[in-house]
There are 2 protein chains.
Amino acid sequence: MVSKAFQPVPASEIPDEISGLRMTRQRQHIYRILLQHRDHPTANDVFMRIKDTLPNLSLATVYTCLDAMVKHGIIRQVNFDRGPSRFCPNLAEHGHFHDVTTGIIHDVKFKSGIHLEDVLDLPPGAIIKNVEFTLRGQLS
Amino acid sequence: MVSKAFQPVPASEIPDEISGLRMTRQRQHIYRILLQHRDHPTANDVFMRIKDTLPNLSLATVYTCLDAMVKHGIIRQVNFDRGPSRFCPNLAEHGHFHDVTTGIIHDVKFKSGIHLEDVLDLPPGAIIKNVEFTLRGQLS
DNA sequence: CTGATAACTGGAATAATTCTTGATATCGGC
DNA sequence: GCCGATATCAAGAATTATTCCAGTTATCAG
């Protein structure tokens with residue numbers, strides 16, 4: 001059984017606007033790709049996957065569209081070390097487990113009821129706007 | 001009072017070898033800079049700070065020396081978003097709080113007794129080799 | 001001292017991303 | 001529907017951080 005949780009917006013019907021960002025044809029296609037293949041693709045991966053359906057899409061446009069969607073909180077940008085940025089439409093607070101043997105990236109959530117202040121020694125007065133964490137390892 | 005914890009190795013007497021890595025003159029200078037200014041400098045920052053004392057040090061050498069020390073577990077490499085890599089000699093497991101108003105980076109540790117597996121929903125069978133986390137925000 | 005190996009230098013090369021300039025598309029008002 | 005204002009896009013050049021390469025220098029073992 002395939003979980004519906006991974007298709008919150010049917011790929012075929014993406015609205016004309018999301019969180020104040022006009023969803024142009026290019027942006028709709030890009031967003032659709034992110035919703036369909038949730039494997040944290042790079043900008044170039046996205047570009048390659050769209051090329052056939054939008055032959056004169058520019059890689060620069062993929063970059064600016066992804067950036068616009070990140071700025072509007074529609075998708076998230078994830079960086080592993082110095083590698084190329086990757087993108088995912090999973091907006092829930094989560095981090096990533098990078099399986100070094102397969103290269104697959106799994107989303108990782110906090111256990112329910114866990115809050116950062118409870119587990120970290122934060123500088124006094126710290127107001128956290130954004131959290132990112134990455135684990136590297138392998139599945140036994 | 002200045003904490004001694006921040007100067008585990010007196011900057012003036014760095015051994016000829018650390019964890020199996022021969023500490024050449026260049027590596028000693030680079031390591032000394034990291035111990036003295038614990039502000040998470042980039043490779044280029046390190047280069048600029050050493051130029052006066054080692055005028056014909058190459059930036060490429062700074063990169064390879066930093067990399068060698070990272071590989072030998074002498075220092076840690078830290079990446080924030082897509083910015084240049086930063087380096088720190090604090091080997092204890094820790095993450096970073098990036099104050100977006102001042103740009104200052106603070107080390108953040110887990111509260112004692114807290115382990116990742118306790119707070120994260122890891123994929124079953126995950127063996128974690130390495131953890132990295134970054135918080136962004138500001139001090140009130 | 002001498003050859004073998006590791007490290008270093010300076011410049012060229014690379015990869016990801018951003019910038020720039022001109023062309024297109026879209027929207028609100030008429 | 002037309003028109004100007006604005007947003008978006010395309011293509012290629014430029015930028016930035018980093019790595020590679022080829023030749024030189026330093027260090028170590030015998």
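Chain letters run A, B, ... following the sequence lines, proteins first and then strands; every chain starts at 1. Predicted model only: the values in this text are computed from it and were never measured.
One side chain, A:Asp45 or A:Thr42, offers a donor N or O that lies under 3.5 Å from an acceptor on the other. In the model, B:Glu132 has no side-chain atom that pairs as donor or acceptor with a side-chain atom of A:Thr134 under 3.5 Å.
Contacts between residues 74-87 of chain A and DNA chain D, counted as heavy-atom distances below 4.0 Å, involve A:Arg82. Heavy-atom distances under 4.0 Å link DNA chain D to B:Ala60, B:Tyr63 of residues 42-72 of chain B, given in residue order.
When ring centroids are compared, A:Tyr31 and A:Phe87 stay outside the 6.0 Å threshold. Side-chain rings of A:His96 and A:His40 approach one another, their centers coming within less than 6.0 Å.
Taking atom CG of B:Asp16 as the reference point, atom C1' of D:dA26 lies 14 Å away to the nearest angstrom. The nearest whole Å value for the distance from the CD atom in B:Glu17 to the C1' atom in D:dA26 is 16 Å. For the pair A:Gln28 CD and C:dT26 P, the interatomic distance rounds to 11 Å; values are reported in whole Å. Summarising the geometry, the separation between CE on A:Met23 and P on D:dT8 is reported as 11 Å, rounded to the nearest angstrom.
Between A:Asp81 and A:Arg136 there is a salt bridge, since a side-chain N of the basic residue sits under 4.0 Å from a carboxylate O of the acidic one. Comment: B:Asp39 engages B:Arg49 in a salt bridge, judged by a side-chain N to carboxylate O separation of less than 4.0 angstrom.
An OP1 or OP2 oxygen of C:dA7 is reached within less than 4.0 angstrom by no side-chain nitrogen or oxygen of B:Arg25. Taking only side-chain nitrogens and oxygens, B:Gln26 comes nearer than 4.0 Å to OP1 or OP2 of C:dT9.
Nearest to the side chain of A:Arg22, among C:dC27, C:dC8, C:dA6, sits C:dC27.
At distances below 3.5 Å, at least one donor-acceptor pair connects side-chain atoms of B:Arg76 with backbone N or O atoms of B:His94.
A side chain to side chain contact (heavy atoms under 4.5 Å, CB included) with A:Gln26 holds for exactly one of A:Leu57, A:Thr64, A:Ile50; it is A:Leu57.
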